[in-house]
Amino acid sequence: MKSLKLISLAITMLICFVTMAQERTITGIVTDQSNIPLPGAYVVIKGTKKNTQTDSNGNYSIQAKKGDALVFSFIGMKSQTKVVGDKTIINVKLEEESQSLEEVVVTGYAVKRKKHQTAASVQIVQGTEVRAKTSKKQVQPVINASVTTVLESSSISSKNEPVYIVDGVRIKADQMAKINPNDIKDVHILKNDPNSSIHSGTNNNGTVIITTKNDLYKNLSEKELDKKLNTITPIPAEPSQEDYDTFVENAFESPKTAPLSTFSIDVDNASYTNIRRFLNNGQEVPKDAVRVEEMVNFFKYNYPQPKDQDPFSINTELSDSPWNSKNKILKIGLQGKNIPTDDLPASNLVFLIDVSGSMSDINKLPLLKQSMKILVNELRPKDKVAIVVYAGAAGLVLPPTAGDEKKTIIDALDQLNAGGSTAGGAGINLAYKIASENFIKKGNNRVILATDGDFNVGDSSNTDMEKLIEEKRKTGVFLTCLGYGMGNYKDSKMEILTDKGNGNYAYIDNIQEANRFLGKEFKGSMFAIAKDVKIQIEFNPKQVQSYRLIGYENRKLRPEDFKNDAIDAGELGSNHIVTALYEIIPAGVSSTYVTSLPDDLKYTKVQETTTNFNNELATIKFRYKKPDGDKSIEMVQVIENKAIVLEKASDDFKFSSAVAWFGLKLRDSKLISNKSSEEIVKLAKQGNSNDGEGYKAEFIRLVETSKEYN
């Protein structure tokens, strides 16, 4: 009998283990039909009590297994059910509902800046209870004379939707969706009594009463309310708390005095997700947080795969500048070779995790741990992971562990807690030591640093960090930096580490971004197929009066650095895409952005060539090394002087130009004449294609919601 019980127990444990192993992280965004995120929407696994809610940006994350049915619901919207299949990202658009409030669950959110996100006060009561409690003045803030007047005088537009009241003002369902969740103080939901004198004969679907901080919408007319809901009031950024390197945008240069433009590629896209965080929070974007090239390179473009032995294809396109009508834009696109997962080398990864006190916020260490679990799910048996943590000191939490021992790795992550100071230098030293001791020849050896960048113990200055990481680069170990949090975020340190340490850099603002960078784009983020990739372009003075590289300010190189194999440059990952844009002032065009060279120079006068290159705009050269190589390989391509009008340009050209345009506007560039957000949106919409994950549509929404104050 005892043995039968043991067998039964073992079978039960085995079933539980198999069930847990089948579970995976499902993420996505819940929006309305206008692509406006719905904060506080419920996501429930049907038939269970397992549920979650969307954050202030409409994002959610839930553990589920294949075959589970996810039920999505939000006040005033029809519930929707999605069955979990092979995909790990499920985005949902909810339609306006036709069911009663009694069948819908609702919550409100308030975001407390630089602290934990907390649920706002929510009270759900029956109409009769409200009347009784009001007589005793126990819930006077909920039902007062002004609210009662609104309820009694409301003309119900639809008997299928609840009544919405904000600060005593009746609003429509679409207006409610535009309320900034950061402004909400509390929410009260009245489930109606059919015999209530307040609601009798008007509506049986209940009432949602919202109170905002400082009564933002009190005493407004419907027109004033609508205008205010479509205008975001920026909250000043706190540059003293967040640290960004200052830089000056590239100016126009003459090919006669500066014949060569040389720079390192940049695969980072941290700047875009960081900007997205500011805009979603209704904050002004710090000028130096905007790195235009990282905004452009966040998005995917339709470049062909390389056809020969080189690790990337080269693609160019010349068309009109959308912001300076007389100028041209040259787009240069690189497409990395897509290496099948089974053909990728074994990985030797070291997770270097900041567990200092500054990481305690919910969008730091808790989000970090969930992010790393996504990465763990991508590992193969031949891969191995070690975990190093640092706070006041550094320590090894998990020795190198095989990639198929996922439970062991995840258990180690779950045990991490925040507290103490930040010995970043000690952590880097230990992580590289572990990586070097377990180095895989011709493998993918990489330290993955996850932190808010707030180093404050030991080697803390930017100069110290630069020297340290340049030394570690010599080990052949690559570096990936993952940035988290807000308020005290140190972007400048993260930039230095990745620029000087054979690395890439992403800012993780939510679980959906973690799933994109560490899940869907795992190969491009974690496996380099070419390193020290440099670009050098020589413009033809017969065709080009002046040129400027858009972005890449901290990636510019001297002309002589191009052929110097000792000079570090950027890495290109499997299936990675890199795009660079040049703005060109054609020869003979009058422009206020350039100053003509004096014609009486004696020593610096440039001799005109007699060779006819009228059909050439420029010659472009690329140099790269294999991931384990020390000698560069060079590629050369001539760019024809053949421009097409903007209307006929590719979708990639239009969208990348729109993103760059918005970045230049955020930086308040003095080199763009047209700063119309409406025109940026128009161009982005024209170029919006191949957007299965909705990132391009999200960009358009960001521009639209920021146009009133940027």
Can you check whether [X] reaches [Y] side chain to side chain, under 4.5 Å on heavy atoms?
X    : Y    : value
M526 : I448 : yes
T579 : N297 : yes
K337 : Q305 : yes

> Are S492 and D243 close enough that a side-chain donor and a side-chain acceptor fall under 3.5 Å?
Replying inline: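 Distance-only check passes for S492 and D243.
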
>> Any donor-acceptor pair under 3.5 Å linking the side-chain atoms of N327 with those of S321?
In response: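 No donor-acceptor contact under 3.5 Å links the two side chains.
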
> R555 pairs by salt bridge (Lys or Arg N to Asp or Glu O under 4.0 Å) with which of D561, D568, D266?
Replying inline: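 Answer to the salt bridge (Lys or Arg N to Asp or Glu O under 4.0 Å) test with R555 among D561, D568, D266: D266.
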
>> Quick check with a 6.0 Å cut-off and a 45 degree axis cone: is R667 positioned over the face of F247's six-membered ring?
In response: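 Flagged: R667 positioned over aromatic ring of F247.
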
>> Here's one to test your reading of the geometry: is the NZ or CZ of K621 within 45 degrees of the ring axis of F562 and under 6.0 Å from its centre?
In response: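 So K621 doesn't make the cation-pi contact.
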
> Does F299 offer a backbone N or O that forms a donor-acceptor pair with the side chain of K696 under 3.5 Å?
Replying inline: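 No; zero donor-acceptor contacts below 3.5 Å.
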
>> I want to know whether F298 and F699 have ring centres closer than 6.0 Å.
In response: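 Centroid separation for F298 and F699: 6.0 Å or greater.
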
> Can you name the one residue among T480, D491, D268 that meets side chain to side chain donor-acceptor pair (under 3.5 Å) with Y505?
Replying inline: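 So, applying the side chain to side chain donor-acceptor pair (under 3.5 Å) to Y505 and each of T480, D491, D268, only D491 qualifies.
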
>> Using the side chain to side chain donor-acceptor pair (under 3.5 Å) definition, which of the options Q536, K534, R623 pairs with E634?
In response: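 Only one option passes, and that is R623.
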
